[in-house]
Amino acid sequence: MYTVTNPATGELVEQIPNATDDEVRAAIARVHGAFADWRRRPATERAKIVLRAAELFAERADELAAIMTLEMGKRINEGRGEVGVVVDIFTYYGQHGPDLIADQPLAIRGGEAVIQKTPLGALLGVMPWNFPCYQVARFVAPNLVLGNTILLKHASICPRSALAIAEILHEAGVPEDVYVNTFASSRQVPAILADPRIQGVSLTGSEQAGISVAAEAGRNLKKAVLELGGSDPLIVLDTDNIDETVARTATARMRNCGQSCNAPKRMIVLADVYDEFVEKLTARIAEYYRPGDPADPATKLPPLASVAARDEVAEQVATAVLQGATLRTGGRAIDGPGAYLEATVLTDVTPEMNAYYEEIFGPVVLVFRAESEQEAIAIANDSPFGLGASVWGTDPERMRRVAEQIESGMVYLNSAGGSQADLPFGGIKRSGMGRELGPAGIAEFMNQKSIRF
Ligand code: NAP
């Protein structure tokens with residue numbers, strides 16, 4: 001079942017049955033059948049439709065934000081902000097897509113060649129609940145401009161977002177069979193990947209889902225892009241305004257109730273700033289992040305996406321404390337029917353504890369003390385993940401030197417947890433493979449065909 005449960009109240013709102021195997025096969029036939037015509041259209045025509053979709057997303061921002069608040073508890077203002085990023089992504093690919101996929105002449109030894117950038121065919125997208133609109137946009141906007149067609153399986157707690165997105169795309173002019181939403185279950189994904197009519201898969205989600213989808217893609221020799229979990233380090237080298245650094249780093253961690261893949265989950269603070277940073281961060285987290293209704297714009301701490309997700313995070317915190325970590329504030333599930341967890345700060349987490357290497361997907365900050373710049377870099381890199389990172393300080397050269405030594409797909413200086421349409425996004429190690437957004441994002445499911453004259 002695709003199930004909408006309001007995480008703020010526990011109320012069951014709607015259930016939609018999963019697609020049958022026959023329905024899934026019919027959906028595959030539709031996206032496969034639509035490819036020949038879609039790819040033949042001029043790129044500028046597809047781009048125009050994508051630009052129209054940007055306008056429709058902007059017009060329906062309030063409605064989409066309300067759906068996300070209901071489905072996964074996102075703060076209403078954050079939902080509106082998310083739709084703003086979606087509009088940017090559709091606008092970026094609508095404006096720049098045709099140039100990014102233009103033929104590229106290549107001078108070669110003994111002759112001339114051209115690299116032609118053509119689509120692969122029908123693709124499967126498997127998407128998570130944490131950014132129900134933005135995650136879909138990252139995959140869909142570039143691939144529609146390129147000429148691929150899309151079968152989209154959204155997270156099973158986000159059916160209303162899934163339907164609203166499909167409606168917007170169709171209203172913008174994407175043919176019904178070029179973008180097809182399916183309420184397939186995750187158990188039906190292997191059969192979809194085994195179908196020869198599907199040419200590739202993009203998954204954003206957990207490590208476990210990534211392992212399963214990568215294995216199936218490999219077994220069927222299909223291209224896979226995987227955007228998985230992270231435990232991004234945030235290194236504070238120094239600061240000339242500790243209150244501002246604390247407020248901004250806390251905001252980055254607490255965005256989306258801590259449920260962002262690239263949130264700064266591990267803060268690594270140099271020794272001369274550490275004590276004051278921990279004291280002020282603890283006060284900020286305890287006082288500012290009070291639970292409330294996510295539909296109220298004044299709320300700072302919404303529920304997590306589900307009671308199950310909340311209980312998993314509470315369990316991770318409890319295990320860390322049992323293993324010897326120091327709980328500075330928070331840590332407990334909040335009584336009541338909603339999926340609320342107190343905002344939490346943990347220190348003294350060591351490599352022997354599970355929390356040191358795990359992703360904690362909720363409003364929990366881990367703070368580490370580093371005696372030197374080199375030790376901070378070593379702690380940052382001592383992780384199975386490699387999605388994003390950030391370096392905070394006052395000396396741009398020093399920050400850049402540190403950034404260059406961090407093993408991750410992205411590093412931000414003096415900001416964290418961001419994403420923008422024209423900047424490639426993605427990770428290394430167990431955070432996945434491939435890139436979305438920017439020029440790289442349109443090249444993943446592209447046949448870069450060499451024609452030699
Ligand atoms: P999830 O449980 O892995 O679900 C993501 C999607 O994968 C859902 O549509 C889910 O379907 C499906 N799925 C789950 N198991 C599967 C399997 N074995 N085979 C095929 N599909 C499967 O992840 P989530 O809890 O929604 O999202 C949180 C995770 O996503 C975090 O780890 C976060 O860091 C990561 N994430 C990464 C990025 C990035 O860009 N790197 C961005 C956002 C989130 P059902 O809903 O039907 O189970």
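Heads up: numbering here begins at 1 and tracks the sequence. Numbering of ligands and ligand atoms starts at 1, following listing order.
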Looking at N130, which atoms of ligand 1 are within less than 4.0 Å of one of its heavy atoms? 43 (C), 44 (C)

Tell me, which protein residue and heavy-atom name are nearest atom 12 (C) of ligand 1, and how many Å apart are they? V126 CG1, 3.6 Å

For F361, the atoms of ligand 1 under 4.0 Å from one of its heavy atoms are 28 (C), 31 (C), 33 (C), 34 (O)

What class does the angle between the rings of F183 and Y2 fall in, given that below 30° is parallel, 30 to 60° is tilted and above 60° is perpendicular? tilted

To check your reading of the model: name the closest protein heavy atom to atom 3 (O) of ligand 1, its residue, and the distance in Å. S206 OG, 2.5 Å

Any luck finding a side-chain donor-acceptor pair between R328 and T347 under 3.5 Å? yes

Could you tell me which non-hydrogen atom of R253 sits nearest to which non-hydrogen atom of V365, and how far apart they are? CG-CG2, 3.7 Å

Atom 36 (N) of ligand 1 - nearest protein heavy atom and its distance: C261 CB, 3.4 Å

Nearest-contact summary for atom 43 (C) of ligand 1 - protein heavy atom, Å: Q135 NE2, 3.0 Å

For atom 10 (C) of ligand 1, the option (of K265, M1, R138, K153) bearing the nearest heavy atom: K153

At a 4.0 Å threshold, what atoms of ligand 1 neighbour a non-hydrogen atom of H154? 9 (O)

Answer yes or no: is there a side-chain heavy-atom contact under 4.5 Å between K265 and L366? no

Under 4.0 Å between heavy atoms, the region of N262 that gets near ligand 1 turns out to be neither

min-distance protein heavy atom vs atom 35 (C) of ligand 1 -> G205 O, 3.2 Å

Is it the case that more than 12 heavy atoms not belonging to E312 sit under 6.0 Å from its CD atom? no

Within the 4.0 Å heavy-atom shell around A155, which atoms of ligand 1 are there? 8 (C), 9 (O), 46 (O)

Would E359 and R430 pass as an ion pair if we require N to O under 4.0 Å? no

Between T204 and ligand 1, which part of the residue brings a heavy atom under 4.0 Å of the ligand: side chain, backbone, both or neither? both

Taking heavy atoms and a distance under 4.0 Å, where does F425 meet ligand 1: side chain, backbone, both or neither? side chain

Is the count of non-hydrogen atoms from other residues, nucleotides or ligands lying under 6.0 Å from R400 atom CZ greater than 12? no

Is there a polar contact between ligand 1 and S156, counting only N or O atoms under 3.5 Å apart? yes

Which heavy atom in L270 sits nearest to a heavy atom in L237, and how many Å separate them? CB-O, 3.8 Å

Which is closest to atom 41 (N) of ligand 1 by heavy-atom distance: L193, V213, L228? L228

Is a salt bridge present between E78 and R255, judged by a nitrogen-to-oxygen distance below 4.0 Å? no

Is atom 25 (O) of ligand 1 less than 4.0 angstrom from at least one protein heavy atom? yes

When you look for heavy atoms under 4.0 Å from ligand 1, do you find them on the side chain of E436, its backbone, both, or neither? neither

Of the side chain and backbone of L203, name the one, both, or neither that has a heavy atom under 4.0 Å from an atom of ligand 1. side chain

For P128, atoms of ligand 1 separated by under 4.0 Å from a heavy atom: 5 (C), 26 (O), 27 (O)

Could you tell me whether S260 and ligand 1 have an N or O pair separated by under 3.5 Å? no

Closest protein heavy atom (residue, atom, distance) for atom 13 (N) of ligand 1: S186 CB, 3.7 Å

Derivation of the side chain to side chain donor-acceptor pair (under 3.5 Å) call for N354 and Q323: CA-CA 8 Å; N354 299 10; Q323 292 176 335; 3.2 Å; yes

Heavy-atom closest contact (A286 atom, T329 atom, distance): CB-OG1, 3.5 Å

Looking at ligand 1, is there an atom of it that comes within less than 4.0 Å of some heavy atom belonging to E207? no

Correct closest heavy-atom pair for A54 and V87 would be O-CG2, 3.7 Å

Run the numbers for me: atoms of ligand 1, each under 4.0 Å from some heavy atom of L387, listed by number. 41 (N)

Any idea which protein heavy atom is nearest atom 19 (N) of ligand 1, and the distance to it? S212 OG, 3.5 Å

When every non-hydrogen atom of A355 is compared with those of I360, the smallest separation belongs to CB-CD1, 4.2 Å

Please tell me if the side chains of I165 and V86 come closer than 4.5 Å, counting only heavy atoms from C-beta onward. no

Would you mind listing which atoms of ligand 1 come within a distance below 4.0 Å of any non-hydrogen atom of V189? 20 (C)

For atom 9 (O) of ligand 1, closest protein heavy-atom neighbour: M127 O, 2.8 Å

What are the two closest heavy atoms between Y289 and A343, and how far apart are they? CB-CB, 3.8 Å

